[in-house]
Amino acid sequence: MKINIRLNSEKDTEKLANIIASEVFQGMIIGLGGDLGSGKTTFTKYLAKSMGIHDNLNSPTFTILKTYEGKLDLYHMDVYRLEDIGYDYELDDYIYGKGVSVIEWYPFIQSMLPENILMITFSFIDESTRDVSIEGSEQYEKVIEKISHRYSN
Ligand SMILES: Nc1ncnc2c1ncn2[C@@H]1O[C@H](COP(=O)(O)OP(=O)(O)OP(=O)(O)O)[C@@H](O)[C@H]1O
Ligand SMILES: [Mg+2]
């Protein structure tokens with residue numbers, strides 16, 4: 001299932017994160033795509049907040065991975081520089097771990113990922129507007145339908 005929605009402001013991005021946070025489960029994998037500055041980290045910040053994580057979440061670009069403890073742990077990865085650092089980096093423990101994985105620039109490691117992930121791709125429209133495509137197979141149909149329902153435009 002695939003839907004396209006428009007986010008007119010950061011508030012809309014927060015709303016999207018809130019809906020997804022209400023449907024998180026152990027082992028959930030969220031792949032984030034889209035250009036530099038399109039909103040991947042911003043989305044993840046709101047997701048963490050909505051998952052009850054109070055730590056300040058910032059961009060993990062130079063560390064590839066940051067973990068946050070919550071009712072469900074959040075593993076925030078940014079694989080943009082993985083090529084420089086080396087693919088032998090042990091991400092599998094997290095990707096197949098007990099928490100929720102959010103992977104910025106997931107297309108870079110798509111071959112290492114299971115097929116069944118929730119893919120969210122941001123496109124820059126103007127300073128505050130983003131178009132977002134959300135795609136996932138069966139396991140993610142419920143959350144995608146919920147989003148589609150709230151954002152019908
Ligand atoms: N609707 C919106 N949704 C998300 N971010 C928005 C929105 N409108 C404006 N912004 C701004 O766009 C910027 C997005 O930056 P962010 O770091 O989240 O991008 P990114 O996709 O993670 O970039 P990178 O690829 O460098 O990691 C932030 O400064 C944010 O405040
Ligand atoms: Mg980022």
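All ligand and atom numbering here is 1-based and tracks the order in the structure. We use all heavy atoms of the structure for the numbers below, so side chains are in, but hydrogens, waters and symmetry mates are not.
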For this session: Taking atom types as modelled, find out whether S137 and E115 have a side-chain donor-acceptor pair closer than 3.5 angstrom.
Result: no

Problem set entry | T129 versus D126, side-chain donor and acceptor atoms under 3.5 Å | yes

Exercise. Do L74 and L57 touch side chain to side chain, with heavy atoms closer than 4.5 Å?
Worked result: yes

Is there a polar contact, in the sense of an N or O pair closer than 3.5 Å, between [X] and ligand 1?
| X | value |
| --- | --- |
| E10 | yes |
| G37 | yes |
| G39 | yes |

Problem set entry | NZ or CZ of K40 within 45° of Y106 ring axis and under 6.0 Å | no

Counting from 1, what ligand 1 atoms have a heavy atom of [X] closer than 4.0 Å?
| X | value |
| --- | --- |
| T13 | 1 (N), 2 (C), 3 (N), 4 (C) |
| E127 | 8 (N), 9 (C) |
| S9 | 1 (N) |
| L36 | 23 (O), 25 (O), 26 (O) |
| W105 | 25 (O) |

Problem set entry | Qualifying residue for side-chain hydrogen bond (donor to acceptor under 3.5 Å, both in side chains) with N58, from K66, K45, H76 | K66

Exercise. At their closest point, which heavy atom of E145 faces which heavy atom of M1, and how far apart are they?
Worked result: CG-CE, 3.5 Å

Exercise. Backbone, side chain, both or neither: what part of D35 comes under 4.0 angstrom of ligand 1, heavy atoms only?
Worked result: backbone

For this session: Just let me know how K40 lines up against ligand 1, side chain, backbone, both or neither, with a heavy-atom cut-off below 4.0 Å.
Result: both

Exercise. Got a sec: is T41 within less than 2.8 Å of the Mg ion (ligand 2) via an N/O/S atom?
Worked result: yes

For this session: Report yes or no: does E104 have an N/O/S atom closer than 2.8 Å to the Mg ion (ligand 2)?
Result: yes

Exercise. Between E14 and K11, is the closest basic N to carboxylate O distance under 4.0 Å?
Worked result: yes

For this session: Spell out, as yes or no, whether a donor-acceptor pair under 3.5 Å connects the side chain of Y151 to the backbone of L16.
Result: yes

Exercise. Touching ligand 1 at all, L32? Heavy atoms, strictly under 4.0 Å?
Worked result: no

For this session: Please state whether D12 comes within less than 4.0 angstrom of ligand 1, counting heavy atoms only.
Result: no

Exercise. Which of parallel (below 30°), tilted (30 to 60°) and perpendicular (above 60°) describes W105 and Y80?
Worked result: tilted

Exercise. Nearest heavy atom to atom 27 (O) of ligand 1: which of E14, R6, E104 does it belong to?
Worked result: E104

